[in-house]
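First up is the structure itself, then whatever we jot down about it.
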Protein chains: 2
Amino acid sequence: MPPKDFVSALEVAQRAGVSRSAVSRTFTPGASVSAETRKKVTDAAEALGYHVNELARGLMRNESGIVCLVVSDVATPYRSALLRELTSKLQNVGKVAMLINTDRSDGSVDRALSQAIRYRADASIILSGLPDASIVRLCLKNGQRLVLINRDDEEPGPLKINLDDFEAGERIVTAFARAGCRSLAFANSEAGTPSLMGREHGFVAAAKKLGLEVSVERYGWTGYEAGRVLAQRLLTRTQRPEAIFCATDLLACGFMDTARHQFGIGVPQQLCLAGFDDIDQASWSSYGLTTFAQPVAEIASKAVEWLSTSEAADNILHHSVRLTAELIWRTSIRAG
Amino acid sequence: MPPKDFVSALEVAQRAGVSRSAVSRTFTPGASVSAETRKKVTDAAEALGYHVNELARGLMRNESGIVCLVVSDVATPYRSALLRELTSKLQNVGKVAMLINTDRSDGSVDRALSQAIRYRADASIILSGLPDASIVRLCLKNGQRLVLINRDDEEPGPLKINLDDFEAGERIVTAFARAGCRSLAFANSEAGTPSLMGREHGFVAAAKKLGLEVSVERYGWTGYEAGRVLAQRLLTRTQRPEAIFCATDLLACGFMDTARHQFGIGVPQQLCLAGFDDIDQASWSSYGLTTFAQPVAEIASKAVEWLSTSEAADNILHHSVRLTAELIWRTSIRAG
DNA sequence: AACAATGTTGCAAGCGCTTGCAAAACGGGA
DNA sequence: TCCCGTTTTGCAAGCGCTTGCAACATTGTT
């Protein structure tokens, strides 16, 4: 195939007049090399255009420096924001991100993970989809670390990062109540992931506790279009809810757009609305959506921190972290 | 570090009662193995949980299967859409995507590329930022293929994928003219990339040719906030333009929002607006933005097609492809 | 029955690197 | 000056894999 005429450590060694090991050590942080040798080596390397072969290094060290990011719906605002944080933080600790897209058929998470294993990834971070328990065990057995974001799972071993979804559902109910809303609804997708359901359950529970009317509608995936459909359904009911909590911002945007443009309903005057994620669009002046912010930066930090932590510290670390979603107050809910 | 107790081909060979080479060949498409041996090997591999070590394989084959995606602003709608297409198409041809985020400081593209070299990536796809010419030569010399998307460059060797930006600028002028607009403006960012400037030049040239008034305003990056600022500037002029072409959709959304909400200007009644990219939000009913669609799927196809093409065919291939951006007609321009 | 053509298999070398080990070089007391 | 403790260096083994080569097995042909 391609020529690939890479210069090897041997060539560098010869030009520098030192041994092959010397050049290896020069490029290994913390190895013992005299300043003089190091200089000779780096000069030669520079001149020859030498670059350490991470494949070979990974082979020897049994540590590739690769972290797999397993994700579906990459093009979605929340996902891509998380991706940005993750890749940049990984780079900061000298790791490299391998992106695996699981948009397509079933079992793709498993396929992805087995690819991660083939490349001897040091770790995998699962942003979406849930791997088979056996695969999880396989990863762990093979010394691979696993991080599950917003996807609860019984299996022990992986680090699980979750939000206080249930509590967020509760909190928004009090906000709605304070705005004078008596009948509430939750607009959800049919995806049924733990975080989505957590929000739903918290919301419903709190509403009931306060004696407010509450109902749930579920449809499609968590996108803009689904939000439109949900609006159709909820806003044509004989008893129209006065406040809607959408499981995601994308849903909320679609909902708000059809409420306003198709039904001519004023938000927040006639209808209060809230979302979840705090995607960029939520702050756009067409929406001004009150929503819960996913702490993406913090999520990413926790994840890569855990990955770059040593084995020893590992054991004393909690394998589950729970972050709180901050309520960002904008204009889609009436002031009390 | 981690235990990493991987099972090797040798162990599989022993369990299957064949030679090490046999198991290697079993996992090499097109190698010569009898059905019987293959069965024995796959059974043993299954039982032991064997996974080919791509690091070692890449080392031998001098072909890692890795493709580097060099990108900044991953979280931006257009970029993430392109990323989605690219990763999924790469997976289809059996390659794996390594994501390199260049959001940060200067020289980050060069650093990224040198990382790509260290991992012996078969190719790099540059979605943003322009590498130093010397680095480009280094990549090519090292047998790495390079794809430059929307970033023209003199250097021969890489595949360059571009759109008909200039022509798009021209086309939208006639659309504006047909809508009865006599004074036009182009809202650009200060990024000054070739594609952005191409749109600008085409727009200005065509406007002048038609004898229409035209001006240009540039500010910040190509995001929503910059669009707001551009609107401030353009809409407070004594002679307000009747039609604005924004260099990107994000700019257009910001522009439209402040035109409507801050200045109370009706779009398209009092102001015609167009964008570029056709991000999801352009179709949301709050915007209904008339815009040019980036053919992301086609761009991705061309890119990975070129990467997976053989060396021989390589030479007869054009090293530059030019795709056309389709004008998506929505409601931000008055009907003629 | 002998032979050629074809297909399958194992051997062993080698990809580019790291690293334990022991030898060499160095530096500072005494 | 000599000796001992501390770097620094080179050697060589080995990481897990592929692949050219030659040996071997299988089959079909005359």
(request) Give the first and the last nucleotide of DNA chain D, reading 5' to 3', that has any atom under 4.0 Å from a heavy atom of chain A. (result)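 Both ends considered, the range comes out as D:dT8 to D:dG16.
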(message) My understanding is that only one of A:Arg145, A:Gln144, A:Lys95 makes a side-chain hydrogen bond (donor to acceptor under 3.5 Å, both in side chains) with A:Asp122; could you say which?
(response)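 Exactly one pass, corresponding to A:Lys95.
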Assign [X] to base, sugar-phosphate, or nothing according to its heavy-atom contacts below 4.0 angstrom with the strands shown.
X	answer
A:Ser21	base
B:Phe27	nothing
B:Ser32	base

(request) Using five pairs at either end of the helix from C:dA1-D:dT30 to C:dA30-D:dT1, determine the angle between the two local helix axes and round it to 10 degrees. (result) 40°
Could you state the interatomic distance from [atom1] ([X]) to [atom2] ([Y]), rounded to the nearest 0.5 Å?
X	Y	atom1	atom2	value
B:Leu86	B:Ile125	CG	CD1	4.5 Å
A:Arg118	B:Arg57	CZ	CZ	8.0 Å
B:Ile299	B:Asn150	CD1	CG	5.5 Å
A:Asp73	A:Ser80	CG	OG	10.5 Å
A:Leu55	B:Asn62	CG	CG	9.5 Å

(request) Find the distance B:Arg38:CZ to C:dT9:P and express it as a whole number of Å. (result) 10 Å
(request) Tell me yes or no: between the side chains of B:Ser34 and B:Thr37, is some donor less than 3.5 Å from an acceptor? (result) yes
(request) Assign the ring pair A:Phe27 / A:Tyr50 to parallel, tilted or perpendicular, where the plane angle (0 to 90°) is split at 30° and 60°. (result) tilted
